[in-house]
Peer 1: 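Before anything else, here's the structure in question.
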There are 4 protein chains.
Amino acid sequence: MARTIGSNGARTAEAIRQAGVTLIYRHGYEAMSLRQLAAEVGLQSGSLYKYFDNKQSLLFDIVREHMADLLAKAEADLAGIDDPMARLKAFSAFHLRYHMQRMAHVFIANMEIRSLDDDHRAMVVGLRRRYENLLEDTLRAGAQAGVFRIAEPKVATYAIISMLTGICMWYRPGGRLSQDQLVDIYTGLVVDGVTGPQGLTAAAERHRALA
Amino acid sequence: MARTIGSNGARTAEAIRQAGVTLIYRHGYEAMSLRQLAAEVGLQSGSLYKYFDNKQSLLFDIVREHMADLLAKAEADLAGIDDPMARLKAFSAFHLRYHMQRMAHVFIANMEIRSLDDDHRAMVVGLRRRYENLLEDTLRAGAQAGVFRIAEPKVATYAIISMLTGICMWYRPGGRLSQDQLVDIYTGLVVDGVTGPQGLTAAAERHRALA
Amino acid sequence: MARTIGSNGARTAEAIRQAGVTLIYRHGYEAMSLRQLAAEVGLQSGSLYKYFDNKQSLLFDIVREHMADLLAKAEADLAGIDDPMARLKAFSAFHLRYHMQRMAHVFIANMEIRSLDDDHRAMVVGLRRRYENLLEDTLRAGAQAGVFRIAEPKVATYAIISMLTGICMWYRPGGRLSQDQLVDIYTGLVVDGVTGPQGLTAAAERHRALA
Amino acid sequence: MARTIGSNGARTAEAIRQAGVTLIYRHGYEAMSLRQLAAEVGLQSGSLYKYFDNKQSLLFDIVREHMADLLAKAEADLAGIDDPMARLKAFSAFHLRYHMQRMAHVFIANMEIRSLDDDHRAMVVGLRRRYENLLEDTLRAGAQAGVFRIAEPKVATYAIISMLTGICMWYRPGGRLSQDQLVDIYTGLVVDGVTGPQGLTAAAERHRALA
DNA sequence: CATGAATGAGCCTTCATTCAT
DNA sequence: TATGAATGAAGGCTCATTCAT
C-alpha cells in the first residue's frame, strides 16, 4: 500500500526518534531490534531506512542531539552568572532538573557511548568534555577566589557530576520529594562538599604524599 | 585428543569466567558472542555449555558473585566500627578501593542489570539494597547522633554511592594520583557533604514546602 | 515543483535507457538497482515506472532493440553483395566495427540473456539466430562454390562469431591498433581459417570417424 | 538437531562446492541465493558459514581453483612439446577438451569475474594472463621460426582463445559431433588461421598505416 | 572433556514495486 | 510528470544452542 492518508514524513521521523529513545532506554541499543522499533511506530522494518542510514546512525543522532542540547541549555543557563558560588548552584540545579526531565536521553547518552563507532564516540566525548568544563572552570575560579576548598578540581568535577547524574538511577516523577526539594538536597551536598574543611585536609594529604 | 596433562575443569571454568568478565566489560553482554568467549579460552562454543547452562546464567553468576563478594567484604570491613563518622569513612574508603581494583566487575554489575532476567535481576537488586543499607544506616545513626546534618538519608545514600562509584568512569591505574590520594579526596567530599551547614538548609526547605 | 522548462518525457526515457545500458554493463543486471538507475537520471526510483513496466522489461527493451539494430544494420551492409568471399569479409568487418563501437550493448546482449524471462529470451535468441544465419548461409554458399573449405558450416559459424565477438573482452578505444587494423587482422584470421587446407582434413577426419 | 548420522564435513563441503557451481552456472552469482544453495545440499542457510566465510569467497574459491587447475593441466599437457605447431595443436586440443568437460566452471570463471572483489579479481586475472601466455609464447615462437604468419601475436592469442572458448556457448554432450571431431574442426580453423596468407596481408596493412 | 556439524530463529539491510498526492 | 512514503519479500549473515561422537 502506498502512503496512508494523512501520514507525514516529519511526523513519522519524530515518532521513530521517540520510540527509539524509549526502546534503547528500556532494552539497550544492542538488544533493541529494528523490527521492534518499526512495530512501535507501525511500519515495516525496511521502511525505517527512509529515516536513517543504519541502526548506528540512529543511536548517534539521538546521543549527539542530546549532548548538544544539554550543552547549549547549560551555557544559556549560566550565561551572565559570574560569581563562582552562584554558578555552581546554577549548574547543579540545571543538571539535576535536566536529568530528571530527560532521563531516558541522559541514560542512553551515558550507557550507550560504548556502542558508538569510534568516530561517533569521539564526537560525543568531545561534547561531554565541553560540558564538564563548565563545572571544572567554575570550581577552579572558586578555588582561586578562596570561596571553594578543593584539592583537585578535575576529580571534584567528576565526583560532582557522577553524584548529580546518579539521580537518574532512582528518581521517578510523582515520588515523595519534589524536583525542587531534590535540587535543594543535592545542591546542598555539593556546596558543602566543596566548601568544607576536608578539602584542605585532602590537599595537605596530597602534598605530604608528594614530599 | 586426550586430556591435556594437568588441565581440569575447574581451571577452564575459571578461565571462562575471567574471559567473560573481560569481554562483557569491553563489549557489553549483548554484544559479546559466545564464539568470542570460546575463542578466548581456546574452546569450541558448544563446549562452553559444560560450564554454564546458557549465556544468561553466565552473566548472572558473574554479577551475583560480585555483589555477594562486595557485600561480604564491606560487612567485614565495617565490623566492629560503631562510631558513625568512622563507619562513614571506612565505607567510603572500602567502596573506592574495591571499585578501583575490580572495575570490570563493578562496571558489569552496574551496567548489565538491565540484561538480567526478571528473577535474576530481583536477586541482584536485593543484594545491592543490602549493600546500600550499610551506608544508609550509618547516615541515619550519624544524623540521630547529631554528627551528620542530613535532610534525607536515603537521598544522601544514593548521592554518595553514585559519586564514589563514578570513579570507575575515569580512574586508570598508574595515573597521577595514587589510590590513597583519591580515597582522601573523595572521602573529604563525602564527609564535608554530610557535615556542612547546607544539610540543614535543605531540611528547612523541605519542611517549609510541606507546610 | 513544476516541470523543468524544456524537459520532456522522450528525453528522460532516453536518459534512462542510456543510464541503464551503462549500469548493466558495469555492474550486471542483477547487481544494478533501480535506485542507482534513478539517481543517475535524477529521479526517484518510483518515478521510473512511468517509463517501463518493470526492471525485466527495461533489460528486454535494451537487448531486443540492440539485437534488432544489429540485425538490421548487418542486413543493410550485406545487401547487394553476392560473392561469398566478399560477404564474409563484409560480415566480419561489420561485426567487428559494430562491436567495437557499441561494446556495452553487445556485452549486455551476450551476458544477460540468462537474466531474461523465458519468453523474452526466446525472442532474443530468435533474433540472434537470424543474425548468425547471415554468416552461416554465406559459409554454406562459399563452401558449395568451392571457395571455402569448411567441414561444418554451423560449427564454423559459432567459432567465427565467438572469435570476432571476443574483441569486446579487451579492445579499448585509443589503443595501439586502430579499428581498421584490427578489422584487417581479425578478418585475415577468418579468411585463412575458412580457406586453409585443414578444413578438408577435418572433414576427412569426420568421415573416417563415421565409417 | 545435531549431526545427522553419517554426515561428514568433507562430504558436505564438496556437496556445497558442486551445488555452488551448478547454481551459479544456472542463475549467475548475483541471482543465486544462499538459501537456494543451502536447500540444494539439505542445510539451513546459516550452516553454510561453516564452509566458507561469505558468499564472495565461495565464488572466489570456485574460480581460483578452476583457474589454477586449468593452468596446471595445460602446463602438464604442453610439457616436453617444443615444436610450435605441435604446441599450438596441443593447446587447442587441451583447451577444447577441458572446456567441453568442465563447461560450468569455465562459464563461471569467464562470466563472474565481474562479481569478484578487486583483489580477488586481480588474482584471477593474473592466473588467466599466465594461461594466455602459454599460447602467446607459442605463437611468437612459431612466427619467429617462420612456421606461423601472424601480424599481432597478442591479438591472435585473444582471437584464438575466444574462438575456442566459445564452444561452451553451444556444445552439449551427446550431440551429433564427438569431442574428437570438434577438436579437429576447431583446431583446423586455428591452424589455418595462423598459417594462411592473410596473416602477411594484415602485417603489410599495418606497416602501411604506420608509414 | 571436548569437538564439530547442524539448527532455527533472528538480525540489519536492500530491493522492486505501488500509489495517493 | 514526478514525488515520497510505504510495502512485503528476500537477501547475506550471526547467534545461542543442541547433541552424536
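Here the structure is a predicted model, which is why all the values come from computation and not from measurement. Quick note on labels: first sequence line is chain A, next is B, and so on, each numbered from 1.
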Peer 1: Ignoring hydrogens, what is the shortest heavy-atom contact between A/H66 and A/A109? Give both atom names and the distance.
Peer 2: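 Nearest heavy atoms, A/H66 then A/A109: CD2-CB, 3.3 Å.
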Peer 1: What integer distance in Å separates A/D53:CG from E/dC12:P?
Peer 2: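 To the nearest whole Å, that distance equals 16 Å.
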Peer 1: Kindly give the atom pairs (protein nitrogen or oxygen, nucleotide nitrogen or oxygen) under 3.5 Å for nucleotides 9-11 of chain F.
Peer 2:
unit_1: F/dG11; atom_1: OP1; unit_2: D/S33; atom_2: OG; d: 3.4

Peer 1: Determine which bases of DNA chain F form Watson-Crick or G-U wobble pairs with both distances under 3.5 Å, and write the result as a 5' to 3' dot-bracket string with | for other-strand partners.
Peer 2: .||||||||||||||||||||
Peer 1: Give A/Y51 one of three labels, base, sugar-phosphate or nothing, depending on what nucleic acid heavy atoms sit under 4.0 Å from its own.
Peer 2: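 Sugar-phosphate contact only.
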Peer 1: Name all residues meeting the side chain to side chain contact (heavy atoms under 4.5 Å, CB included) criterion together with D/R64; count only those two or more places apart in sequence or in a different chain, and write none if there are none.
Peer 2: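 Scan of D/R64 (side chain to side chain contact (heavy atoms under 4.5 Å, CB included), adjacent residues dropped) gives D/F60, D/D61, D/L127.
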Peer 1: What residue pairs, at least two apart or across chains, pass ring-ring contact (aromatic ring centres under 6.0 Å, His included) with a residue in residues 8-48 of chain C?
Peer 2: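 Only C/Y25-C/F107 qualify under ring-ring contact (aromatic ring centres under 6.0 Å, His included).
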Peer 1: Would you mind reading off the distance between D/R11 atom CZ and E/dG4 atom C1', rounded to a whole angstrom?
Peer 2: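 Those two atoms, CZ and C1', are 15 Å apart.
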Peer 1: Answer yes or no: does a side-chain N or O of D/S47 lie under 4.0 Å from OP1 or OP2 of E/dT7?
Peer 2: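 Yes, within the criterion.
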Peer 1: Could you check how far OH of A/Y49 sits from C1' of E/dA16, rounded to whole Å?
Peer 2: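 A/Y49 atom OH is separated from E/dA16 atom C1' by 18 Å.
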Peer 1: Starting from P on F/dA2, measure out to NZ on C/K50 and report it in whole angstrom.
Peer 2: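 Spelled out: NZ on C/K50 to P on F/dA2 is 9 Å.
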Peer 1: What verdict does the side-chain contact (heavy atoms from CB on, under 4.5 Å) test give for B/L70 and B/V106, after you've listed the backbone C-alpha separation in whole Å, the side-chain angles of each residue and the deciding distance to 0.1 Å?
Peer 2: CA-CA 9 Å; B/L70 175 72; B/V106 166; 6.0 Å; no
Peer 1: What integer distance in Å separates B/L59:CG from F/dA16:C1'?
Peer 2: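 Result: 15 Å.
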Peer 1: Expressed as a whole number of angstroms, how long is the span from B/D117:CG to F/dA16:P?
Peer 2: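 About 15 Å, once rounded to whole Å.
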Peer 1: Only pairs at least two apart or in different chains count here, so list each salt bridge (Lys or Arg N to Asp or Glu O under 4.0 Å) that has a residue in residues 22-46 of chain D.
Peer 2: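 Checked against salt bridge (Lys or Arg N to Asp or Glu O under 4.0 Å) - neighbours excluded - no pair reaches residues 22-46 of chain D.
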Peer 1: Does D/G42 or C/Y29 map to a spot on DNA chain E nearer the 5' end, using the closest nucleotide for each?
Peer 2: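 First, find each residue's nearest nucleotide; the 5'-ward one identifies D/G42.
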Peer 1: Among pairs that include at least one residue of residues 117-126 of chain C, which meet salt bridge (Lys or Arg N to Asp or Glu O under 4.0 Å), considering only residues two or more places apart or in two chains?
Peer 2: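 Of all non-adjacent pairs touching residues 117-126 of chain C, those that pass salt bridge (Lys or Arg N to Asp or Glu O under 4.0 Å) are C/D118-C/R121.
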Peer 1: Taking atom P of F/dA6 as reference, at what distance in whole Å does atom CG of A/L37 sit?
Peer 2: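 Rounded to whole Å, this separation is 13 Å.
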Peer 1: Tell me what D/L43 touches on the nucleic acid: a base, only sugar-phosphate, or nothing, going by heavy atoms under 4.0 Å.
Peer 2: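 Result for D/L43 = sugar-phosphate.
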Peer 1: For C/E65, enumerate each residue passing the side-chain hydrogen bond (donor to acceptor under 3.5 Å, both in side chains) test, keeping only those at least two apart in sequence or located in another chain.
Peer 2: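 Per chain and number, C/E65 pairs via side-chain hydrogen bond (donor to acceptor under 3.5 Å, both in side chains) with no residue.
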Peer 1: Under the salt bridge (Lys or Arg N to Asp or Glu O under 4.0 Å) definition, can you give me all pairs with a residue in residues 102-113 of chain B, not counting sequence neighbours?
Peer 2: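 Non-adjacent pairs meeting salt bridge (Lys or Arg N to Asp or Glu O under 4.0 Å): A/R114-B/E112, B/D69-B/R102.
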Peer 1: Going by side-chain hydrogen bond (donor to acceptor under 3.5 Å, both in side chains), name the pairs with one or both residues in residues 44-58 of chain B, residues two or more places apart or in two chains.
Peer 2: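 Those involving residues 44-58 of chain B are B/Q56-B/H120.
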Peer 1: To the nearest Å, give me how far apart CG (D/L48) and P (E/dG8) are.
Peer 2: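 Result: 14 Å.
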